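Worksheet for the structure shown next.
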Protein chains: 2
Amino acid sequence: MKKLPGKTVERLSEYRRALLGSLADNRSYIFSHELAALLHITAVQVRRDLMLIGYGSVMRKGYDIRELIKTIGDIIDAPTGLNVAIIGMGNLGRAITGYFMGKRTKLNVVAAFDIDPQKVDKVVSGVKCYHFDNFKRLRSELDITIGVLTVPPDQGKAVTAQLVSYGIKGILNFTTVSLNVPENVYLEEFDMITSIEKVAYFVKENQ
Amino acid sequence: MKKLPGKTVERLSEYRRALLGSLADNRSYIFSHELAALLHITAVQVRRDLMLIGYGSVMRKGYDIRELIKTIGDIIDAPTGLNVAIIGMGNLGRAITGYFMGKRTKLNVVAAFDIDPQKVDKVVSGVKCYHFDNFKRLRSELDITIGVLTVPPDQGKAVTAQLVSYGIKGILNFTTVSLNVPENVYLEEFDMITSIEKVAYFVKENQ
DNA sequence: TTTTTACTGTTCATCAAATAACAAATATTA
DNA sequence: TAATATTTGTTATTTGATGAACAGTAAAAA
């Protein structure tokens, strides 16, 4: 399958979550315009995304929710699942760990790392925190491919260099520093301050 | 000034942060390609954004950092600043509150809200947590215009309805539910699960 | 002084994403 | 049965964002 646009991947993830919610409401089929309404987008957008992944519905009954959930999984999940580590077990690290609790996804948070003795060896939401000195060994033992970076900004660059050199393949960066990674490592950055400043700008402009 | 594209606003916020960093390094002028390198974008993109806000440099010396910081502030900040409240003082709420500590921005986190007696009346990073029952009163007393939503997903929709009805103008939503707000309220959504699933997809595809 | 070099501001071209348009398919109604 | 209504899959159009090209300008070098 051809590589999908990033935006489509994001929406597929959101579709799946919405669909799981609909299943919980004992629905079995859903129309494109209903799914669209759940995400506040247009029905065309939904149909176009599903076209890209080659999913077809039973005409006039809508999409089979269970089937669609499975199809989305086949596309965006790795067959065997991927293992994730939280790097930096401060408030944010704990928050993210908590988010994953109980969610049966193909992404497994298998470890957390920190250098603070207060945090090392503690277990949060079922995830054990190791000293970062053990990262190299545990990275390969536990087959960790994705790192969620939630360390203080001044440590962001140094820690990233280590993650990369020990073989991490994807990084989700929550620090406020902009990182440098090689071609073969996928990097997604999220900056809270920027997000709030953006909200503030549009609030100001709306008045 | 005409409303700027959302992407440009995001970059302006990032430029400013990078510029403040350069100031700290005792630099006074910066070239477009240098600023671009700090954000891993192209020099053209930088010049284009600055063109949009009508900022001109001293030719061949680069941009005056102090002046540019001020210009960006004039564009994206509200003249008097805006007040922000954190709704939900779990790990994520505390993390965000901490992010703002010590940053002299025009955005002031003036209050936090929760319903858990364990959290109410506690002070975190200089921000006091109130019971959400007081939101209506404090919203207007403290002139809160922006809410950062960090409550459990099942409460997202109900809490949002209240924020809106009591006059909030912008919401940054960190819950995993998709919210509905009226036209005049600006909504920015961020979904961690989606972000990590996106990283996972591109890690999988890169191999 | 003249030439070269180094940047900028702006226009033009390309690429990606979102929206609109519409033929095809099937259930429902008349 | 024929006509209508509903929903899909796909193509075409528009919009928006990014990247490339280039003329203009000032400092530095010759």
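Here is the naming used below: chain letters follow the sequence lines, and residue numbers restart at 1 for every chain. Remember, predicted model here, so these are calculated numbers, not experimental data.
- Side-chain to base pairing of A:R48 with C:dT19: one donor and one acceptor N or O lie within less than 3.5 Å of each other.
- Between A:T8 and A:R47, the one whose closest nucleotide on DNA chain C sits nearer the 5' end is A:T8.
- Neither OP1 nor OP2 of D:dT7 sits under 4.0 Å from any side-chain N or O of A:S32.
- Atom-to-atom, NZ of A:K7 to P of D:dT15 comes out at 19 Å; the value is rounded to the nearest Å.
- Checked by atom type, the side-chain pair A:D49/A:T8 shows a donor-acceptor distance below 3.5 Å.
- Residue A:R11 places at least one side-chain N or O closer than 4.0 Å to OP1 or OP2 of C:dA18.
- Comparing D:dG9, D:dT8, C:dC7 against the side chain of B:H33 picks out C:dC7 as the nearest.
- Of the N and O atoms on the side chains of A:Y55 and A:E67, at least one donor lies less than 3.5 Å from an acceptor on the other residue.
- At least one donor-acceptor pair closer than 3.5 Å links the side chain of B:N173 to the backbone N or O of B:V177.
- A donor and an acceptor atom, one from each side chain of A:N108 and A:N83, are located under 3.5 Å apart.
- An angle of 10°, rounded to 10°, separates the two end axes of the helix from C:dT1-D:dA30 to C:dA30-D:dT1, each defined over five pairs.
- Ion pair B:E197/A:K106 not flagged as a salt bridge, since none of the NZ, NE, NH1 or NH2 atoms sits closer than 4.0 Å to an Asp/Glu carboxylate oxygen.
- A residue-by-residue look at A:Q45 and B:V44 shows that B:V44 has its nearest nucleotide of DNA chain C further toward the 5' end.
- Comparing atom distances between the B:Y63 side chain and each of C:dT8, D:dT7, C:dT10 picks out C:dT8 as nearest.
- Here the C1' atom of nucleotide D:dT11 and the CG atom of A:L52 are 13 Å apart, to the nearest Å.
- Atom CD in B:E67 sits about 16 Å away from atom C1' in C:dT8, given to the nearest Å.
- A:Y166 and A:K136 share no side-chain donor-acceptor pair at under 3.5 Å.
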query = Hey, mind stepping through A:F113 and A:R139 against side-chain contact (heavy atoms from CB on, under 4.5 Å) and telling me if it holds?
reply = CA-CA 11 Å; A:F113 294 90; A:R139 214 288 308 157; over 6 Å; no
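- For the OP1/OP2 pair of C:dC7 and a distance below 4.0 Å, the side-chain nitrogens and oxygens of B:Y29 include no atom meeting the criterion.
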